[in-house]
There are 2 protein chains.
Amino acid sequence: MTDNERVPTNSKKTTANPAPERRRELLATAAEVFAAQGYNATTVRRIADEAGLLAGSLYYHFDSKESMLDEILSGFLDELWTGYDAVLGAGLGPRETIEALVTESFREIDRHRAAVAIYQKESRHLVAQPRFGYLVDSQRKFEKAWLGTLERGVADGSFRADLDIRLVYRFVRDTVWVAASWYRPGGAHSPEEIARQYLSMVLDGIAGRDPAAA
Amino acid sequence: MTDNERVPTNSKKTTANPAPERRRELLATAAEVFAAQGYNATTVRRIADEAGLLAGSLYYHFDSKESMLDEILSGFLDELWTGYDAVLGAGLGPRETIEALVTESFREIDRHRAAVAIYQKESRHLVAQPRFGYLVDSQRKFEKAWLGTLERGVADGSFRADLDIRLVYRFVRDTVWVAASWYRPGGAHSPEEIARQYLSMVLDGIAGRDPAAA
DNA sequence: TAACCTACCAAACACTTGTTAGGGAAGGAG
DNA sequence: CTCCTTCCCTAACAAGTGTTTGGTAGGTTA
């Protein structure tokens, strides 16, 4: 469906997926360390320590450190686009689409906090590598979905027409995704509640409604 | 004045600053590479290549790779707080203070684009190191200034009272500073124009004013 | 019992990393 | 000319990097 459904290069397993439980465990801890320290600053030995095995043993499960990163990012993007495609195919109006996309985004941040953090820190220099070319495809598709929705909304009066639409796009996009840098699951607010307040701010602003106030 | 005025440890120069021209050149190119590739992913040899000399020669000017990073970040923060302190000491109302802070922030992004990008990517794991403890001080002061202004605004009706104020703080803060990731000096808009449109979005929202629209 | 597979360890490999030591060319000062 | 300072190069070092190789304990299958 999307062009992001890459099969992570895993030459070890020829059968479909016999026992990916351990892989997922290891990928989860790797993602946590990557998110906390940064990909390049993270050593394979550190991941192994955190997972309770030796560095070399990771290479029984994965081809390379880079393929771990690949699997983390592509796995996240696959799930993200599953959610986005459902929203975009629902035939909603511009404003409702934006609301649904923002809400869906915060749900993804809730479920893939580490992957989102990694994506934000590393994607900029990963796009240069051919292996991560699918990041470019995803970015393009992402921009098309959001920007297109915003333009539809400007056309039908849902959104203001007196702003640089690309500035608005980056504003909304960044506003949502940087939340992954401070969001912690199990915090004071649910993803839906955060989405609600963010949408309220983005759509209506933070200024007081009292005309008497300066 | 601020508590960020750290003297970068430069044991080589005992006199005040005899010829810091070359230093600034090298720091500028180092900052560009750090911002583009990430600090840990950047090798000293790469910086040297970009600057047109050999890796070892950098150590005539700087104590270490880390001290380059230190000097870049502390230099940026010093200038940032010079501007912020001027705004905060001007005795403006809450809304005018926020407007001035946002505008000042975009000016700093314009002048220290690379340093801001580095700060955003690396500060999270740098705060653990004692050498970069001043980052924590700056963060605390930053939060105090912004959050305090927002609270004053809620109290006097300038800002909405029906939102989680800490969420608003993070919203405004991130919204402004992530702009450094896409901003390029000499682009379509001046820092002031970007600040104006951002403020318009943050304060009044992006929704259309036409009540007839959904 | 024998063969086999899974998941790991122990130990090393080749390479890159930040950093250092010593030296030398260029130019101004005495 | 000699001395000194500035700025850079050459060449290496030790530590850390991702990765590979061979082996092995334990369970499952035949």
Would you indicate, yes or no, if [N] has its OP1 or OP2 atom less than 4.0 angstrom from a side-chain nitrogen or oxygen of [X]?
X       : N      : value
A:Arg22 : C:dC8  : yes
B:Tyr60 : D:dC8  : no
B:Tyr59 : C:dT20 : no
A:His61 : C:dT6  : no
B:Ser57 : D:dC9  : yes

Whole angstrom value for the distance that separates [atom2] of [N] from [atom1] of [X]:
X       : N      : atom1 : atom2 : result
B:Phe62 : C:dT20 : CZ    : P     : 15 Å
A:Phe34 : D:dG18 : CZ    : C1'   : 12 Å
B:Tyr39 : C:dG18 : OH    : P     : 8 Å
A:Leu69 : D:dT19 : CG    : P     : 12 Å
A:Asp63 : D:dT19 : CG    : P     : 9 Å
A:Arg46 : D:dG18 : CZ    : P     : 13 Å
B:Asp49 : D:dC8  : CG    : P     : 14 Å
A:Leu58 : D:dT20 : CG    : P     : 13 Å

Hey, which sits more toward the 5' end of DNA chain C by its nearest nucleotide, A:Arg45 or B:Thr42?
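Nearest-nucleotide comparison on DNA chain C picks A:Arg45.
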May I ask you to test the [X]-[Y] pair for a side-chain heavy-atom distance under 4.5 Å?
X       : Y        : result
A:Glu32 : A:Arg113 : yes
B:Leu26 : B:Ile47  : no
B:Ile98 : B:Phe159 : yes

Answer with base, sugar-phosphate or nothing: what part of the nucleic acid does B:Leu54 contact at a heavy-atom distance below 4.0 Å?
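Base: the residue B:Leu54, judged by heavy atoms under 4.0 Å, touches a nucleobase.
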Given D:dC8, C:dG18, D:dT19, the nucleotide with the shortest approach to the side chain of A:Lys65
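It is D:dT19.
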Given D:dT19, D:dG18, C:dT19, the nucleotide with the shortest approach to the side chain of B:Ser64
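Out of D:dT19, D:dG18, C:dT19, the nucleotide with an atom closest to B:Ser64's side chain is C:dT19.
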Measure the acute angle between the ring planes of A:His112 and A:Phe76, then classify it against the limits of 30° and 60° as parallel, tilted or perpendicular.
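Tilted.
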What orientation do B:Phe142 and B:Trp81 show, parallel under 30°, tilted 30 to 60°, or perpendicular over 60°?
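Ring orientation, 0 to 90° scale: perpendicular.
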